[in-house]
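Written below as structure tokens is the structure these notes are about.
So that the names make sense, note that chain A is the first sequence line, chain B the second, and so on, each numbered from 1.
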Amino acid sequence: MTVSYSLSTSRAGVLTFPRLLFRWRGSIYKLVYVELFIYLMFYFALSFTYRFALNAYQRTLFEEVCGFFSDIFLDVIPLSFLMGFYVALVAARWWNMYSAIPYIDGISQIFATYIRGNDDVTRMQRRSLVRWITLTSTIVFTSVSPPVLKRFPTCLHLVKAGLMTESERKTYEHMPTPHVKWWLPISWCCNLVGRLKADGKVDGEMADLLLKEIQAHRQACGAMMDYDWISIPLVYTQVVTIATYTFFLAKLFSSQFLESSTEVDLYFPIILVFEFLFYFGWLKVAEVIINPYGDDDDDFEINYILDRTYQIGLLIVDDCYDMVPELEKDKYWVTPDFCLPNCKSTTADNQGKAWLGSTVPGGLLLSAKHFILGHTWN
Amino acid sequence: MTVSYSLSTSRAGVLTFPRLLFRWRGSIYKLVYVELFIYLMFYFALSFTYRFALNAYQRTLFEEVCGFFSDIFLDVIPLSFLMGFYVALVAARWWNMYSAIPYIDGISQIFATYIRGNDDVTRMQRRSLVRWITLTSTIVFTSVSPPVLKRFPTCLHLVKAGLMTESERKTYEHMPTPHVKWWLPISWCCNLVGRLKADGKVDGEMADLLLKEIQAHRQACGAMMDYDWISIPLVYTQVVTIATYTFFLAKLFSSQFLESSTEVDLYFPIILVFEFLFYFGWLKVAEVIINPYGDDDDDFEINYILDRTYQIGLLIVDDCYDMVPELEKDKYWVTPDFCLPNCKSTTADNQGKAWLGSTVPGGLLLSAKHFILGHTWN
Amino acid sequence: MTVSYSLSTSRAGVLTFPRLLFRWRGSIYKLVYVELFIYLMFYFALSFTYRFALNAYQRTLFEEVCGFFSDIFLDVIPLSFLMGFYVALVAARWWNMYSAIPYIDGISQIFATYIRGNDDVTRMQRRSLVRWITLTSTIVFTSVSPPVLKRFPTCLHLVKAGLMTESERKTYEHMPTPHVKWWLPISWCCNLVGRLKADGKVDGEMADLLLKEIQAHRQACGAMMDYDWISIPLVYTQVVTIATYTFFLAKLFSSQFLESSTEVDLYFPIILVFEFLFYFGWLKVAEVIINPYGDDDDDFEINYILDRTYQIGLLIVDDCYDMVPELEKDKYWVTPDFCLPNCKSTTADNQGKAWLGSTVPGGLLLSAKHFILGHTWN
Amino acid sequence: MTVSYSLSTSRAGVLTFPRLLFRWRGSIYKLVYVELFIYLMFYFALSFTYRFALNAYQRTLFEEVCGFFSDIFLDVIPLSFLMGFYVALVAARWWNMYSAIPYIDGISQIFATYIRGNDDVTRMQRRSLVRWITLTSTIVFTSVSPPVLKRFPTCLHLVKAGLMTESERKTYEHMPTPHVKWWLPISWCCNLVGRLKADGKVDGEMADLLLKEIQAHRQACGAMMDYDWISIPLVYTQVVTIATYTFFLAKLFSSQFLESSTEVDLYFPIILVFEFLFYFGWLKVAEVIINPYGDDDDDFEINYILDRTYQIGLLIVDDCYDMVPELEKDKYWVTPDFCLPNCKSTTADNQGKAWLGSTVPGGLLLSAKHFILGHTWN
Amino acid sequence: MTVSYSLSTSRAGVLTFPRLLFRWRGSIYKLVYVELFIYLMFYFALSFTYRFALNAYQRTLFEEVCGFFSDIFLDVIPLSFLMGFYVALVAARWWNMYSAIPYIDGISQIFATYIRGNDDVTRMQRRSLVRWITLTSTIVFTSVSPPVLKRFPTCLHLVKAGLMTESERKTYEHMPTPHVKWWLPISWCCNLVGRLKADGKVDGEMADLLLKEIQAHRQACGAMMDYDWISIPLVYTQVVTIATYTFFLAKLFSSQFLESSTEVDLYFPIILVFEFLFYFGWLKVAEVIINPYGDDDDDFEINYILDRTYQIGLLIVDDCYDMVPELEKDKYWVTPDFCLPNCKSTTADNQGKAWLGSTVPGGLLLSAKHFILGHTWN
């Protein structure tokens, strides 16, 4: 459900960023419109009470309260500070959480290259390895991501979906440990590699690389569990939330138009709305990316990654097994000094301008040629 | 004792962050309520003295002192600056401290794969390796984490808990060095690997990988000792603490309601309380995570990690040894182009929409087809 | 199309940075002049309306609106804050995106060293490997970079350019998966290595290194796809954009010269222009580097990298295959203590001054010699 | 001489940080009390001159100067900005400088495992390798750390301390190069490994791992030399220093109590003292950690690390050589589902609560069970 | 030409940082004095014009202009913000650029260990490998660093300096590619390794390690080329430059002493000078380190690194080839529990105080001993 806008930003122009403002999925509007609506309800409730319901004495009182809350205006600065540092922390974590998601391409290519044979047993071995790797991913994904859990709520679903066999399910469920068991299929993979080596089907170096790739997968899964377990300290998130809510609570009063004011009465608090968009938008950045394994518009599409994992994994180890295109002499067989063809739009700027280091076009080389050898050095 | 709130933040909604404000464990309230109570005691003591105990001259004096401390208000900004940078430093360190905690899954899977045999001697070898690895972790954990030391205060406890044998304890305690000896069980592991290799039970590549995994474990343990030894420079922590306490000392006076003031008298310093929550909450973030191996609500549950380490370690090398499920032809044996089943909630958005790169859906490919080959390039 | 100015900044002088202001390609002027022009149009439209078209009552109203927007001035600070953190995030990502672009030098050198033979078959094997690696890069580049897609809009263009054979194209297009297929040529490479090993042409260690290099290439390509897919959360970009545009919308009014003002009337809003350059320039930094695989003056020249990749790759595996210059005794064969010759300009400062550690020139060593051995230690 | 306060911060409580204020070693007081004293001398000298020595006209002049310097107050903010970024840079570097210090545990464990034999020659080989590794560390340490140079000011001291033999010293000193020679013992190590391999005492894989570990040690030593050589650009440190000193020079005047002032006269500039502590404390953070290989209270205890290096290194390769405790059946030999014993204090919270992923306790799993298989997917 | 001040900062004292202010090489004064002089010229020109040349009306106008520019004062804050983030980006890059410079120690030690033999051919092989590695470095250095290009402006100089043979030069210059050819000597190295392996002079594992080290060197060289090619986006540097210059242009007017002012007239704008030092100093930090391969006082001494590279490289592979000191029984042969000797100054603090983890000195261990085994656990 990731919202990509790479293409729209491939060229910086007048409309590059403004155009992004007209998106709805993953947008600031979609994220804050409910809050903004509720907030304005409160604002106008107060406003109408003040304007139409209060008597003179109550108005004075109300105005004093509003004046009191204006003091807190000064705190604008610490709020944006706190937010800046908090969002920087969350954003760094967000990308690491993406990087932790394991892909299957590498490991299955090693399976395909090192476990050779096209008989049914070998194919089953390769396919089972891919299935177990996918199974590990799936168990971890269901543990950390609600959308994946919704899709595979029980082991029976995994069996039904073909990710687990019935006998594997039994072994899995009877493993005597209270801890989460996502490492079990990894263990099966390693054990199978161990057997293949004992049987002489793979040799020492191959087993080594196979095990390393499996370990890398296990490590990535472990990292996902870690990010899920160790949240950013709750107190930090609470401080940020309290600060933002307090700020806008104070604004509710201090932004009211008062009769004693000398300013123009706009009825609608336009600046307040922009401030709301600004600060709540910033807070929403943190909310959206603090757990990107979830359901938000901008969260990682883990269900899609899972689909791709199993299908591509099987393709690589089975359909593409030992597939090598017929070797041919390529187009540049006899012309070492060639250049790939260019279309007009790509040649204008850089055709023929190879990068030779910054010092070279600077004229230094030319003048340097005037140095007479033997004289340049002392 | 880690406070996780990943699930609550999996979807960004109106109540996502507000709901977090109603937690108690690890919360800002639990962390600052004592300080706040004491602070308010002082505040009201001053307030009542001023209102009821002082004569006119003393009041004037008191008001002058309060006015004097208002000057320091300007320093609001440097305080939040200092705090921002300090907490950023501590938070980066905090995650590195978590990452340093070694897990046993990887190393025991290598033990299980490479040290083959189901006889008692081989089983003892594998189990002893896991035990020694766990023992190393335990010794390091007791050295850096008070809760673990409370659980295993002496070597006798380790023996009693089955992590050390009696003879190992003697060797350990008689090792002639004043330095901490957590590396000794690591040394036993390496020596056992050395013997296995000398005996031809493991070959060169296997010993290599075994040693590398053991080294990785040793390195993680060393990193934990390092983080424990090298604290953030004391002077930095002191500067932050002094700044915060001075700031609120000044506020104690400057926030008093004075008779000469034209503002409304609220009796209760509501804004001050929010400021207190804000700045002390921020400071508490640092306090909680500066040594996350400790006792706080939000510290890492090292005792739990230890339990898991030994049990899972033994499971992998012994109960799961050479366990490979019966290989079967999987569900997609003959259908390479398949998709895992979807439940309704997960298909709405992304069913069938594979990610092909940002440039592809942008229309470029389509219009590009109109290029006539041979004309596009010059 | 990268704009390099390394040479101009190799020496910090009075004119180093000012001189950079007179560049056009990739410059702030080129990036914001259209916006600035439009913005000034609006400014003067308002200005002329106020000065010439409005009657007295309307002018008062207009002045009140302008006064109203002056309030937002205070928000200058949060804007630069937000911008600072946002640009820091984007800039870190920008360099990672460059580092993700795979170069072919390393992998083709390994091909050349380990796949030995100068017969046509072996040459075809090496050249095909290079071609497939290049092909993978090209497919990924077309998926993430509009200029490369413009150059190679279809597979037919790839065939025509000699990056793919006709039969490969068919295999590629008939691969039964909806997902992007850039991993397929990687799979061919691995399979060819697998066959070479099965044929005994490369041994275990060689295959290992070959596969690792191929995996590294695959990983780099995957990283490029990831950066393309996972944009910085849209809401962050929107918050920054809205903040900037709102700020200058308010400035449109608050910067108007009003008759009631006591300041000098400059007619041209010189300060506003500088502010515009400043904030829009900062925003443009983000716009330019948020997707550096694109078309901007400062984006990476991926088409050029592609040219280099294929040509250098083939040179290394084929033309330079087994090329070792005749070994000779070098100039310093009998003089171990030599120094490379220096020209005058490079000897002034550091000739003969080897770096021996900071403590050595400090005099400590000298005085230390006065220690009498046996006395220094207790 | 590192000041550790990990234990004091293991639990965040009311007194956690305040208690740190009562430390002396490495404290802000110890670091700034001299500066503060000198500064107050100047302050009071000016103060007394103004109050007692000046005539009316001179006083007016003095007051004008003081007023003039008050302007600079506004610059408070840039100062804390500059400081924040500068200290962040220095602090990141500080930890990297710690991480660069090489430990010997890993490398000596590899020596012990791979160079087998208990005869005198083999023991000498292992012990010499450890000694050369320690020697390299020592030479680098003397080059970068004044306390270590004080301990070992000449090669003769190294010989005397048993780190170098007399003949090694001669070889070392006659090596014909002006550059620092810390790499020489590393070269001896590699050459010995080369000989062991040539003699068939270690095989290919072993030599590989041995060389890699030696290279890692060399790299760490090189990094220490680099950090010593390449300081943070001098101009940055100067800007920070000038800014701080200028700020307090201005404060010297602007903080004077003037007769014309309407504020209360406190005689002692209490706020100024706090500001001094604050900004000079912050600056001292940078001063203390900018070269942590030095003499400060908070610098790394390199002499101690050196002691540990050599003793533990020899212990591992010699006394612990081939030491493997008698293998026994462990306590949980027949009970795979066990838990390590708990003391009361550690069980309260987390006993039996294994972490299963954030999604699991959230109720999703339960409700999910109501899905009827076959209905959940479409 | 690096300016090191590590020794001066090894101990934080009253004079540590102030003393640094009296350096000239690499100092802020050396970097900004020209700018400051020019700037003051302009300032006084304006000042004298105002004081002596203008009539009353013109003076009023001038004062209005000055007042106008005072508005921009508020922008002090954004400027320091922008500068802080910009310098942080540049400084991070600066250290990475240093780390990219390849050292030869590691690679030549591997050459010396693995390519065995003392005959002329083998020596030539080792020496040629070192020469080609150095040659690669040199070509890259000339491409990115003006001082190195000045030293070796043409290939002829390289031949003359003994880094290239005449026949190599021809091969190099006739290589049919427009791209920079620094990878060619790397290719020769790999090819030679390939031949050595084909000849059976090195075996598989050795070739592996040799190739990996060569690749690491190639990667470092590539990184240097990358840093040279991909500058920080020009627009960012321009924004910072424009902001600084505009700020001081406005200051030129707003800092003028006006007759209407009530402040004391100092004639010399002392505060302005400090501000100039502050902001221009900060900007100069960026200017100095944005391309540290250049000519500045604080740039890396690449010519020196080159000298060291070739000499040390040859020493290691040739003079130190197979050099192993006579093995002796070391001083602590029979005393495993020893401590290296200490001089008085180093024993005061830490003698005998081994670090055992933070929890141990805290008293926990002591009280823990009172636990009676069997009672502590439930």
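Within the 4.5 angstrom heavy-atom criterion, atoms from both the backbone and the side chain of E/Thr177 approach chain C. For a residue to count as touching a neighbouring chain, one of its non-hydrogen atoms must lie under 4.5 Å from one of that chain's; by this rule C/Pro18 touches chain E with backbone and side chain alike. Proximity to chain E is limited to the side chain of C/Asp203, based on heavy atoms less than 4.5 angstrom apart. For E/Arg93, the part lying under 4.5 angstrom from a heavy atom of chain C is the side chain only. With a 4.5 angstrom heavy-atom cutoff, C/Val32 does not touch chain E via any of its atoms. Of the atoms belonging to E/Thr171, it is side-chain heavy atoms, and not backbone ones, that fall under 4.5 Å from chain C. Residue C/Asp208: no heavy atom, backbone or side chain, is found under 4.5 Å from chain E. Heavy atoms closer than 4.5 Å to chain C are found in both the backbone and the side chain of E/Gln125. Proximity to chain E (any heavy atom under 4.5 Å) is restricted, for C/Arg116, to the side chain, taken from C-beta onward. Contacts of C/Gln311 with chain E are made by side-chain atoms alone, with heavy-atom separations under 4.5 Å and no backbone atom involved. Both the backbone and the side chain of E/Pro176 come within contact range of chain C, with heavy atoms under 4.5 Å apart. With a 4.5 angstrom heavy-atom cutoff, E/Ile289 does not touch chain C via any of its atoms. For E/Leu234, the parts lying near chain C are the backbone and the side chain together; criterion is any non-hydrogen pair under 4.5 Å. Contact annotation for E/Lys212: only side-chain heavy atoms (C-beta onward) come within less than 4.5 Å of a heavy atom of chain C. In this structure, the portion of E/Tyr86 lying under 4.5 Å from any heavy atom of chain C is its side chain and not its backbone. At a 4.5 Å heavy-atom cutoff, the contact between C/Trp94 and chain E is made by side-chain atoms alone. Residue E/Asp319 touches chain C through its side chain alone, counting heavy-atom pairs closer than 4.5 Å. Heavy atoms closer than 4.5 Å to chain E are found in both the backbone and the side chain of C/Leu20. For E/Ala92, no part lies near chain C; criterion is any non-hydrogen pair under 4.5 Å. C/Leu31 touches chain E through its side chain: at least one heavy atom from C-beta onward sits under 4.5 Å away, while N, CA, C and O do not. Looking at C/Leu21, the atoms closer than 4.5 Å to chain E (heavy atoms on both sides) sit in the backbone and in the side chain alike. Both the backbone and the side chain of E/Arg195 come within less than 4.5 Å of a heavy atom of chain C. Looking at C/Phe17, both its backbone and its side chain come within 4.5 Å of chain E, counting heavy atoms on both sides. Proximity to chain C (any heavy atom under 4.5 Å) is restricted, for E/Leu211, to the side chain, taken from C-beta onward.
Electrostatic pairing of C/Asp330 and E/Arg131 does not count as a salt bridge here, judged by no charged N lying under 4.0 Å from a carboxylate O. Taking the charged nitrogens against the carboxylate oxygens, C/Arg11 and E/Asp299 have no contact shorter than 4.0 Å, which rules out a salt bridge.
Scanning all heavy atoms of the two residues, the minimum distance from C/Pro336 to E/Leu315 falls at CB-CD2, 4.2 Å. Considering all non-hydrogen atoms of both residues, C/Ile28 and E/Gln238 come closest at N-OE1, 2.7 Å. In terms of heavy-atom proximity, E/Leu192 sits nearest to C/Val324 at N-CG2, 3.7 Å. Counting all heavy atoms, side chain and backbone alike, E/Ile230 lies closest to C/Ser4 at N-OG, 4.5 Å. Here the closest non-hydrogen pair linking E/Glu168 and C/Pro325 is CG-CB, 3.5 Å. Closest of all the heavy-atom pairs between C/Glu328 and E/Ser167 is OE2-OG, 4.2 Å.
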For E/Phe85 and C/Trp282, run ring pair (Phe, Tyr, Trp, His ring centres under 6.0 Å): C-alpha distance rounded to whole Å, both residues' side-chain angles, the deciding distance at 0.1 Å, then the answer. CA-CA 11 Å; E/Phe85 280 106; C/Trp282 210 352; 7.1 Å; no

Just do the side-chain contact (heavy atoms from CB on, under 4.5 Å) check on C/Trp95 and E/Tyr227 with the steps written out, would you? CA-CA 10 Å; C/Trp95 187 256; E/Tyr227 281 112; 3.4 Å; yes

side-chain contact (heavy atoms from CB on, under 4.5 Å) between E/Leu163 and C/Lys331: does it pass, once the steps are laid out? CA-CA 8 Å; E/Leu163 285 167; C/Lys331 194 176 168 189; over 6 Å; no

Could you go through E/Cys189 and C/Gln109, starting from their C-alpha distance and side-chain angles, then the distance that decides it, and tell me whether this counts as side-chain contact (heavy atoms from CB on, under 4.5 Å)? CA-CA 10 Å; E/Cys189 291; C/Gln109 240 131 40; over 6 Å; no

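For the set E/Ala286, E/Pro233, E/Ser128, E/Gly204, the count of heavy-atom pairs under 4.5 angstrom toward chain C peaks at E/Pro233. For the options E/Ala243, E/Gly162, E/Ser231, heavy-atom pairs under 4.5 Å to chain C are most numerous at E/Ser231. With respect to chain C, the highest number of heavy-atom pairs below 4.5 Å among E/Asp226, E/Leu283, E/Ile242 belongs to E/Asp226. Top candidate by heavy-atom pairs under 4.5 Å with chain C, chosen from E/Ile38, E/Thr241, E/Val144, is E/Thr241. Annotation: maximal heavy-atom pairing with chain C below 4.5 Å, among E/Leu314, E/Asp228, E/Val288, occurs at E/Asp228.
From E/Lys181, atom NZ reaches atom CD1 of C/Ile312 across 9.5 Å, with rounding to the nearest 0.5 Å. Distance check: E/Asp307 CG to C/Phe338 CZ gives 8.5 Å after rounding to the nearest 0.5 Å. To the nearest 0.5 Å, atom OG of residue E/Ser187 and atom CG of residue C/Asp322 are 10.0 Å apart. Once rounded to the nearest 0.5 Å, the distance linking CG of E/Asp295 with OG1 of C/Thr9 reads 11.0 Å. The CD atom of C/Glu205 sits 4.5 Å away from the CD atom of E/Glu205 when rounded to the nearest 0.5 Å. One distance of note links CZ of C/Phe278 with CG of E/Leu82; it measures 4.5 Å at 0.5 Å rounding.
Counting heavy-atom neighbours within 6.0 Å of C/Glu326 CD, excluding the residue itself, gives a total of 12 or less.
Separation of the E/Trp229 and C/Phe300 ring centroids does not fall under the 6.0 Å cut-off. The aromatic ring centroids of C/Tyr103 and E/Trp183 lie 6.0 Å or more from each other.
At a threshold of 4.5 Å between non-hydrogen side-chain atoms, the residues E/Arg127 and C/Trp333 count as touching. Side-chain contact check for C/Cys320 versus E/Met175: some heavy-atom pair is nearer than 4.5 Å. Between C/Lys30 and E/Val235, every side-chain heavy-atom pair lies at or beyond the 4.5 Å cut-off.
Seen from the ring of C/Tyr114, E/Lys197 counts as a face-on cation partner, given the 6.0 Å and 45° thresholds.
C/Leu89 pairs by the side-chain contact (heavy atoms from CB on, under 4.5 Å) definition with A/Ala91, C/Ile232, C/Tyr236, not counting sequence neighbours.
A donor and an acceptor atom, one from each side chain of E/Tyr293 and C/Ser6, are nowhere located under 3.5 Å apart.
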